[in-house]
Protein chains: 2
Amino acid sequence: MDQRQALSAFAALAQETRLQIVRVLVVAGPDGMAAGMVAEKTAVSPSNVSFHLKELERSGLISQKRESRSIIYTANYNALGGLIRFLMEDCCAGNPEICAPVAAVAACCAPKVEEKLQ
Amino acid sequence: MDQRQALSAFAALAQETRLQIVRVLVVAGPDGMAAGMVAEKTAVSPSNVSFHLKELERSGLISQKRESRSIIYTANYNALGGLIRFLMEDCCAGNPEICAPVAAVAACCAPKVEEKLQ
DNA sequence: TCCATATTTCAATAATCCTTGAATCGTTGA
DNA sequence: TCAACGATTCAAGGATTATTGAAATATGGA
């Protein structure tokens, strides 16, 4: 993830409806969710949700695939991970020890690491 | 960090000049950097840099303190860490294993953890 | 006090982004 | 082929955000 992509991802997440959509899609998991269902879950008009879905796709945070009449959207976990990585590199730049507390949070993603440390 | 703060932080980072400012301040470390120096480092007019510094402060990502004639800005590492945490919680929601690769990046912040694992 | 320095504030313009509803497109089943 | 469904596109508007340069504020030294 380069700066250009990061800027685009930050812009995508800096909007309440879009952040909500991303959370809904993350919870939906790898199977994703149809656009209409996203609209329902977020209580936003189909046209408006479509606008934001497109914006999120443009930023690389989600992807789409057609399935019969529906269009299924899926969270792009790699992109989310890339953004986190980008932020951490900024955070640590020149001061590795300063944001060490953040590492503790990483535990939520790596239960195995947690175990090894006990 | 709640959703409101996260939205504000994402908006703050979704602008090239501001992202650049944050990076400069992160590299500057806990001692921070005077507004004028930030303007110089980023090649942005003082008035414009002041506008963006205010925006970043409003979002909680940086803080200021006056020091004689200068106003020193400092990156708020806690806020950056909080934002990373917020992202990771979203990322992991319902799918702890999916973003495990991100945990590897955390190593950059926690050399001690690295050691223990070897 | 007066001047120079460091920075912010302000007003105006320009640019970008969001929302809405109507029209359109692609898909499926009768 | 036609109608219905799920979704996108488009144009218009309203709202927010960025940039600029000039004026204002605060501080420290002569």
Side-chain angles (χ1 to χ4, degrees), chain A residues 3-25 28 31-76, chain B residues 3-25 28 31-76:
Chain A
Q3 169 167 322
R4 192 176 158 65
Q5 290 175 295
L7 276 169
S8 171
F10 285 135
L13 295 175
Q15 210 280 335
E16 191 162 10
T17 299
R18 284 196 295 262
L19 184 55
Q20 213 179 335
I21 291 176
V22 169
R23 302 185 105 164
V24 162
L25 289 181
D31 288 346
M33 185 181 285
M37 191 64 184
V38 173
E40 205 172 303
K41 285 252 182 200
T42 56
V44 175
S45 79
S47 139
N48 196 12
V49 108
S50 182
F51 168 81
H52 288 303
L53 283 168
K54 195 174 150 198
E55 210 66 9
L56 283 168
E57 204 196 2
R58 227 169 42 83
S59 81
L61 290 174
I62 68 175
S63 18
Q64 64 161 205
K65 62 182 174 203
R66 179 174 278 276
E67 203 155 278
S68 176
R69 270 186 270 216
S70 297
I71 296 186
I72 309 292
Y73 285 90
T74 319
N76 185 345
Chain B
Q3 168 164 322
R4 190 174 160 67
Q5 289 175 296
L7 276 170
S8 172
F10 285 135
L13 295 174
Q15 211 280 336
E16 193 163 9
T17 300
R18 283 195 297 260
L19 184 55
Q20 214 179 334
I21 291 176
V22 168
R23 301 184 106 165
V24 162
L25 289 181
D31 288 347
M33 185 182 285
M37 192 64 184
V38 173
E40 205 172 303
K41 286 251 181 201
T42 56
V44 174
S45 77
S47 138
N48 195 12
V49 108
S50 180
F51 169 80
H52 288 303
L53 284 169
K54 195 174 149 195
E55 211 66 10
L56 283 167
E57 205 196 1
R58 226 170 42 85
S59 80
L61 289 173
I62 68 175
S63 19
Q64 65 162 206
K65 63 180 173 203
R66 180 174 277 277
E67 202 156 279
S68 175
R69 270 185 270 213
S70 298
I71 297 186
I72 308 292
Y73 285 89
T74 320
N76 185 345

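Computed from a predicted structure; not experimentally measured.
- B:Ile72 contributes atom CD1, which lies 12.0 Å from atom CD1 of B:Ile62 (distance to the nearest 0.5 angstrom).
- Residues from residues 37-50 of chain B placing a heavy atom under 4.0 Å of any atom in DNA chain C, listed by number, are B:Pro46, B:Ser47, B:Ser50.
- By the side-chain hydrogen bond (donor to acceptor under 3.5 Å, both in side chains) test, B:Gln64 pairs with B:Tyr73, sequence neighbours left out.
- Taking 4.5 Å as the limit, every side-chain heavy atom of B:Val22 sits out of range of all side-chain heavy atoms of B:Arg18.
- The line from NZ of A:Lys41 to CZ of A:Arg23 is 14.5 Å long, rounded to the nearest 0.5 Å.
- In this structure, OG on B:Ser63 lies 11.5 Å from CG on B:Leu53, to the nearest 0.5 angstrom.
- Atom CD of B:Gln3 has more than 12 heavy atoms from other residues, nucleotides or ligands within 6.0 Å.
- A distance of 12.0 Å separates OG1 in B:Thr42 from CG in B:Leu19, rounded to the nearest 0.5 Å.
- Pairs passing the salt bridge (charged side-chain N to carboxylate O under 4.0 Å, His left out) check and including a residue from residues 53-74 of chain A, sequence neighbours excluded, read A:Glu55-A:Arg58.
- Note that the first and last nucleotides of DNA chain D, 5' to 3', having any atom under 4.0 angstrom from a heavy atom of chain A are D:dA4 to D:dT9.
- Atom CD1 of B:Ile21 and atom NE2 of B:His52 lie 6.5 Å apart (nearest 0.5 Å).
- Of all heavy-atom pairs spanning A:Ser70 and A:Ala34, the tightest one is CB-CB, 4.0 Å.
- Contact between B:Ala12 and B:Leu61 at its shortest, heavy atoms only, is CB-CD1, 3.9 Å.
- Sorted by residue number, the members of residues 55-73 of chain A with any non-hydrogen atom under 4.0 Å from DNA chain C read A:Arg66, A:Ser68, A:Arg69.
- Note: B:Leu25 CG to B:Gln20 CD = 11.0 Å, rounded to the nearest 0.5 Å.
- Contact check, A:His52 against C:dC17: no side-chain N or O comes under 4.0 Å of OP1 or OP2.
- Residues of residues 8-20 of chain A that place a heavy atom closer than 4.0 Å to DNA chain D do not occur.
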